[in-house]
2 protein chains.
Amino acid sequence: MATIKDVAKEARVSTATVSRVLNGNYPVSQDAKEKVENAIKALNYHPNAVARSLKQNKTYLIGVLVPDIANPYFMDLARGIESVVSVEGYNLVFGSTDEDASKEMNLLRVLNEKRVDAVVVATRQEKPDKINELINQGLNILMVDTYIKDIKCDYVVEDDYDAAYRLVKHLIEHGHTQIAIVNGLLSVSTSQQRLRAYKDALEEYGIPINDKFLLQGDYNRECSYQSMKQLLKEEVLPTAIFSTNNIMTESVMLAAKEAGLSIPEDLSLVSFGNITLPGLIEPQLTYIKQNSFEMGKRAGNLILDKLDHTFFESKEHIIHLDMQAGDSVKDMH
Amino acid sequence: MATIKDVAKEARVSTATVSRVLNGNYPVSQDAKEKVENAIKALNYHPNAVARSLKQNKTYLIGVLVPDIANPYFMDLARGIESVVSVEGYNLVFGSTDEDASKEMNLLRVLNEKRVDAVVVATRQEKPDKINELINQGLNILMVDTYIKDIKCDYVVEDDYDAAYRLVKHLIEHGHTQIAIVNGLLSVSTSQQRLRAYKDALEEYGIPINDKFLLQGDYNRECSYQSMKQLLKEEVLPTAIFSTNNIMTESVMLAAKEAGLSIPEDLSLVSFGNITLPGLIEPQLTYIKQNSFEMGKRAGNLILDKLDHTFFESKEHIIHLDMQAGDSVKDMH
DNA sequence: GTGAAAGCGCTAACAA
DNA sequence: TTGTTAGCGCTTTCAC
């Protein structure tokens with residue numbers, strides 16, 4: 001494969017001149033420019049970005065770590081990031097962590113060795129020490145979706161507490177008092193916020209908290225499905241469910257359907273995030289409209305900012321979320 | 001950031017020895033090894049993969065080009081590739097082409113400059129010349145899903161013709177003669193195969209082809225939705241639809257629902273690929289079970305093969321697909 | 001078993 | 001405006 005030296009020889013100029021034509025950052029005579037351009041075509045030359053990266057200490061690579069690339073939420077996030085950074089010539093390097101802490105640290109290490117210019121971490125494990133170590137070594141980390149105390153980096157997160165609070169309040173104002181929550185892992189900040197909002201809302205209205213109605217999930221399909229199956233076997237059923245993410249909402253609907261319960265007649269349902277095929281499924285959900293594409297764009301912009309200016313204070317971006325009313329909640333009055 | 005030189009100095013050995021400890025490919029004395037390992041820890045050293053790539057002419061990066069990362073089919077494909085190649089230390093670099101030919105060529109060029117070790121192209125544009133040029137320059141391309149004549153590289157594709165034929169035959173054997181097809185862009189090999197199978201099956205049974213029943217889609221949501229809307233306004237309706245991909249099947253179901261037609265009572269439906277939430281939606285589809293995760297794994301293995309052995313003849317892998325019977329087809333007998 | 005040194009392909013400081 | 005050259009951080013040949 002042709003190198004810059006070959007081009008220089010072919011065009012009878014120095015490698016410096018070729019580099020200048022390539023990058024257009026220094027003045028070059030028209031004559032030299034043409035000679036170089038002809039040589040490039042003749043040799044079918046394509047610059048080696050690896051060598052450039054080594055010299056410039058910049059790879060134009062941005063790592064993206066997500067727990068589950070099969071969740072549309074994270075794909076939209078990735079697309080949001082890509083839509084912003086690709087304009088500046090960056091490419092995304094992906095890694096799925098499958099919620100596995102060691103896999104995650106390993107990927108982080110590899111991405112660091114590959115000298116990605118930044119990495120967006122949308123993940124749920126908590127290893128503040130290890131991650132801070134990488135940050136101190138100069139790895140540029142941006143956390144999205146989840147906030148982990150003690151990790152010293154920028155964030156883009158959604159306003160989980162507020163949105164969850166409104167969702168539960170919505171149920172209560174429709175006369176529900178027997179409300180169950182299907183929650184994610186409590187090690188994750190989003191789950192913590194959503195649970196706290198749930199409890200605060202109930203307390204606000206003087207509704208006692210029933211431990212049987214606190215269902216543990218892990219934001220994935222299987223676990224929440226089993227929890228629901230279990231719940232629906234109990235003698236005292238809730239009249240409403242608050243599901244804390246889109247995937248688990250699908251499980252809730254499936255479990256309800258299989259138990260012969262229809263929504264909202266037998267069971268009301270509100271969800272943090274919408275399901276995949278709302279148009280084809282009855283009823284229309286009442287849910288918190290998440291917009292991970294937008295979140296990705298913000299993350300992308302934050303990164304571009306940071307990569308341009310070398311100094312930048314740590315930032316926290318909080319995104320406000322709206323509620324979309326559907327017909328999945330029965331009025332109990 | 002610490003370099004191999006710093007480590008060598010700290011450990012009082014040469015950089016060569018450090019490199020040997022790092023890679024474990026040459027004998028090193030126990031004593032030297034320990035000194036180096038201590039120095040690495042003390043300096044918090046992380047090798048620079050960019051420099052290594054330059055020297056070794058290998059990046060451990062594999063490009064993945066898909067038209068639409070929001071389609072679960074392509075995500076599963078990516079996961080399949082990742083599951084295989086990540087074991088050997090490769091990372092995936094993504095690019096969504098959005099069905100845009102110039103964006104696609106541009107991404108291919110950038111990935112080539114970044115010297116990815118290979119690129120998996122699951123895309124639908126046809127630029128044999130440009131792509132062959134890159135291949136001739138040494139870019140290692142593997143095409144999946146779509147076969148494009150005149151591009152000289154390996155393939156992993158599904159047996160579209162055969163599977164589509166069985167699907168249409170299934171409809172005919174259930175007594176349908178008025179069968180419409182919702183097809184993708186005809187510039188794509190998969191669409192060509194599926195359409196050919198449709199026509200051949202009808203012909204085989206002596207059923208005339210009605211041009212009004214040949215609906216053009218583009219494998220995306222909007223276009224197929226509009227085509228269906230249009231079709232359902234006609235005076236003569238088909239009794240069955242053959243949808244040639246999962247996304248368009250969702251549109252077909254949505255359009256039918258909105259037109260007040262129920263499946264299979266008013267309209268039978270078979271699909272190439274399943275929809276997203278089969279459990280929640282009535283009826284269960286009769287469809288061709290695609291397995292892009294498996295296809296991704298094969299692609300990954302093919303790439304690993306090729307990257308190990310330097311010489312390898314061009315290969316074509318064809319994946320056989322099974323049909324899954326559901327209850328979306330009414331028996332007309 | 002170990003070290004010195006060349007060189008991967010490029011950029012940029014410096015000199016002309 | 002152009003050329004020369006050092007050097008980015010690593011691997012690997014060659015000599016010891």
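The sequence lines fix the lettering, A, B, ..., with proteins before strands; numbering per chain opens at 1.
The shortest distance between the side-chain N/O atoms of B/N23 and the OP1/OP2 oxygens of D/dT11 is below 4.0 Å.
Listed nucleotides: D/dC10, C/dC10, C/dT2. Nearest to the side chain of B/S29: C/dT2. Listed nucleotides D/dC10, C/dA5, C/dG9 differ in distance to B/I4; the shortest reach to its side chain belongs to D/dC10. Taking only side-chain atoms of B/Y26, from C-beta outward, the nucleotide of C/dA13, D/dT13, D/dT5 with the closest atom is D/dT13. Nearest nucleotide to the B/V28 side chain, out of D/dT5, C/dT2, C/dG1: C/dT2. Closest contact between the side chain of A/K55 and the listed nucleotides D/dG3, D/dA6, C/dC8 involves D/dA6.
The interatomic distance linking A/R115 (CZ) with D/dG9 (P) rounds to 9 Å, in whole Å. The CG atom of A/D31 sits 12 Å away from the P atom of D/dT1 (whole-angstrom rounding). Atom NZ of A/K9 is separated from atom P of C/dG9 by 13 Å (rounded to the nearest Å). Taking atom CZ on B/R52 and atom C1' on C/dG7, their separation rounds to 17 Å, with Å as the unit. For the pair A/R12 CZ and D/dT2 P, the interatomic distance rounds to 16 Å; values are reported in whole Å. Going from atom NZ of A/K5 over to atom P of C/dC10 covers 10 Å, rounded to whole Å. With rounding to whole Å, A/K35 atom NZ is found 10 Å from D/dT2 atom C1'. Rounded to whole angstrom, the span from the NZ atom of A/K33 across to the C1' atom of D/dT2 amounts to 16 Å.
A pairwise comparison of heavy atoms in B/E158 and B/N291 identifies OE2-N, 4.0 Å as the closest pair. Taking all atoms of both residues into account, the shortest heavy-atom contact from A/E104 to A/I131 is OE2-CD1, 4.4 Å.
Take the nearest nucleotide of DNA chain D for B/L54 and for B/N25: the residue whose nucleotide is more 5' is B/L54. Across the interface with DNA chain C, nearest-nucleotide mapping of A/Q56 and B/A16 shows B/A16 to be the residue nearer the 5′ end. With DNA chain C read from its 5' end, the first of the two nearest nucleotides for A/H46 and B/S14 is the one closest to B/S14.
With values rounded to the nearest 0.5 angstrom, B/T59 atom OG1 is found 12.5 Å from B/R52 atom CZ.
Checked by atom type and distance alone, the side chain of A/N132 pairs as donor or acceptor with a backbone atom of A/D150 at under 3.5 Å. Under a 3.5 Å cut-off, the side chain of B/Y155 and the backbone N or O of B/I148 do form a donor-acceptor pair. In this structure, A/S292 contributes its side chain and A/M295 its backbone to no donor-acceptor pair below 3.5 Å.
A donor N or O paired with an acceptor N or O is found under 3.5 Å between the base of C/dG3 and the side-chain atoms of B/R20.
Here B/V50 lies out of heavy-atom contact (under 4.0 Å) with every strand. When heavy atoms are screened at a 4.0 angstrom cut-off, B/S53 is found touching no nucleic acid atom at all. A/A49 comes within 4.0 angstrom of nothing in the nucleic acid, heavy atoms only. Residue contacts shown for B/S19 include a base, since a base heavy atom lies under 4.0 Å away.
Using modelled atom types, one finds a donor on one side chain and an acceptor on the other under 3.5 Å when comparing A/D100 with A/S102. The closest side-chain donor-acceptor pair between B/Y73 and B/D145 falls under 3.5 angstrom.
In this structure, the helix from C/dG1-D/dC16 to C/dA16-D/dT1 shows an angle of 40° between the axis at its start and the axis at its end, each fitted on 5 base pairs and rounded to 10°.
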